[in-house]
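A note on names: the letters A, B, ... follow the listed sequences, proteins ahead of strands, and every chain is numbered from 1. Below, all heavy atoms of this structure are taken into account, side chains as well, without hydrogens, waters or symmetry copies. Bear in mind the structure is a predicted one, so any value in this text is a computation, not a measurement.
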There are 2 protein chains.
Amino acid sequence: MKQDKRNRLEKAGWRVGNADELLGLSPEEAEYIDLRIRLGEAVRQLRKKKELTQVELAARMGSSQSRMAKAEAADSSVSLDLLVRYLLALGATRQDLARAIAG
Amino acid sequence: MKQDKRNRLEKAGWRVGNADELLGLSPEEAEYIDLRIRLGEAVRQLRKKKELTQVELAARMGSSQSRMAKAEAADSSVSLDLLVRYLLALGATRQDLARAIAG
DNA sequence: TTGACGCATGTCGAATTTGACATAGACTAC
DNA sequence: GTAGTCTATGTCAAATTCGACATGCGTCAA
């Protein structure tokens, strides 16, 4: 399962660039990726709650459906910045963000 | 004071690119900037708590003193990504981030 | 089947963000 | 004074991230 996790991460585009121990992420790498996944999931939840399609939300903020999809999947090509801006565009407050992050 | 705030923001590099009402930010613009400022302040606090200089922390994560300074000032040239990565490098947990965000 | 709809994934040139560097200001201590 | 330390600010080429587009997959209805 360690290997599975690694595979999934590398599939998502992460160079698990740790020193030597080729199975593990540093604690902060782990936190960072965890954070992104949580925010991606939060975007999807909020979007569905508002009954919007990816196309609709993307249009509303001058982005594109493909970016939206990648964001929700926490693809390595999307920044934390973009994830947060999607959430804010969905009407999330700082408190909502905090909740999504802290889990 | 409204004008003061606008000046400060534009000084920091923000094009307050709102529709027409030339005094205000949209709620999400405001939340976004607020968020960045909070994270910048959190970086400074945590760094000082650990008694590190900007040079030391920057070196520790392969960044530079100038980026650190801009990050703490929430300069528009630094991303949320970088702010968060500084915090994680300082040992902050997701819960710590949530606290810094929610205020 | 065919078509439409929603989402995923890969690629590209353009835009933004990066670390690095130079330099300056503020503050000590000598 | 001036030398040392810490932080702020501007600039740049290189790296990353962006929106856009094409295309594929699954599902549902006609």
Trainee: Starting from C1' on C:dG6, measure out to CD on A:Q54 and report it in whole angstrom.
Mentor: 7 Å

Trainee: What I'd like to find out is whether the side chain of B:R60 reaches to under 4.5 Å of the side chain of B:L52, using heavy atoms alone.
Mentor: yes

Trainee: Write down the distance between CG (B:L52) and P (D:dC6), rounded to a whole number of angstrom.
Mentor: 11 Å

Trainee: Using a heavy-atom cut-off of 4.0 Å across all strands, would you classify A:V55 as base, sugar-phosphate, or nothing?
Mentor: nothing

Trainee: Can you name the one residue among A:R44, A:R38, A:K48, A:R67 that meets salt bridge (Lys or Arg N to Asp or Glu O under 4.0 Å) with A:E72?
Mentor: A:R44

Trainee: When you compare the side chain of A:L87 with that of A:D96, does any pair of heavy atoms fall below 4.5 Å?
Mentor: no

Trainee: To the nearest Å, how far apart are A:L83 CG and D:dG19 P?
Mentor: 11 Å

Trainee: From C-beta outward on B:L82, which listed nucleotide comes closest to its side chain: D:dA8, C:dT18, D:dC18?
Mentor: C:dT18

Trainee: Rounded off to whole Å, could you give me the CG-to-C1' distance for the B:D81 and D:dC18 pair?
Mentor: 13 Å

Trainee: So which atom in A:V78 and which in A:K70 form the shortest heavy-atom distance, rounded to 0.1 Å?
Mentor: CG1-CB, 3.6 Å

Trainee: Side-chain contact, heavy-atom cut-off 4.5 Å: B:E31 with B:L35?
Mentor: no

Trainee: Kindly say if A:R44 contacts the phosphate of C:dG6, meaning a side-chain N or O under 4.0 Å from OP1 or OP2.
Mentor: no

Trainee: Could you state the CD-P distance from A:E72 to C:dG6, rounded to the nearest angstrom?
Mentor: 14 Å

Trainee: Heavy atoms, side chains only, cut-off 4.5 Å: are A:Y86 and A:L39 in contact?
Mentor: no

Trainee: Could you state the atom-to-atom distance from CG of A:L57 to C1' of C:dC5 in whole Å?
Mentor: 17 Å

Trainee: Residues from residues 62-70 of chain B sitting under 4.0 Å of DNA chain D, heavy atoms only?
Mentor: B:Q65, B:S66, B:A69, B:K70

Trainee: Could you check whether any side-chain heavy atom of A:K49 comes within less than 4.5 Å of a side-chain heavy atom of A:Q45, counting everything from C-beta outward?
Mentor: no

Trainee: Figure out the NZ/C1' separation between B:K48 and D:dT5, and round it to whole Å.
Mentor: 13 Å

Trainee: Rounded to the nearest Å, what distance is computed from the CG atom of residue A:D75 to the P atom of nucleotide C:dT11?
Mentor: 12 Å

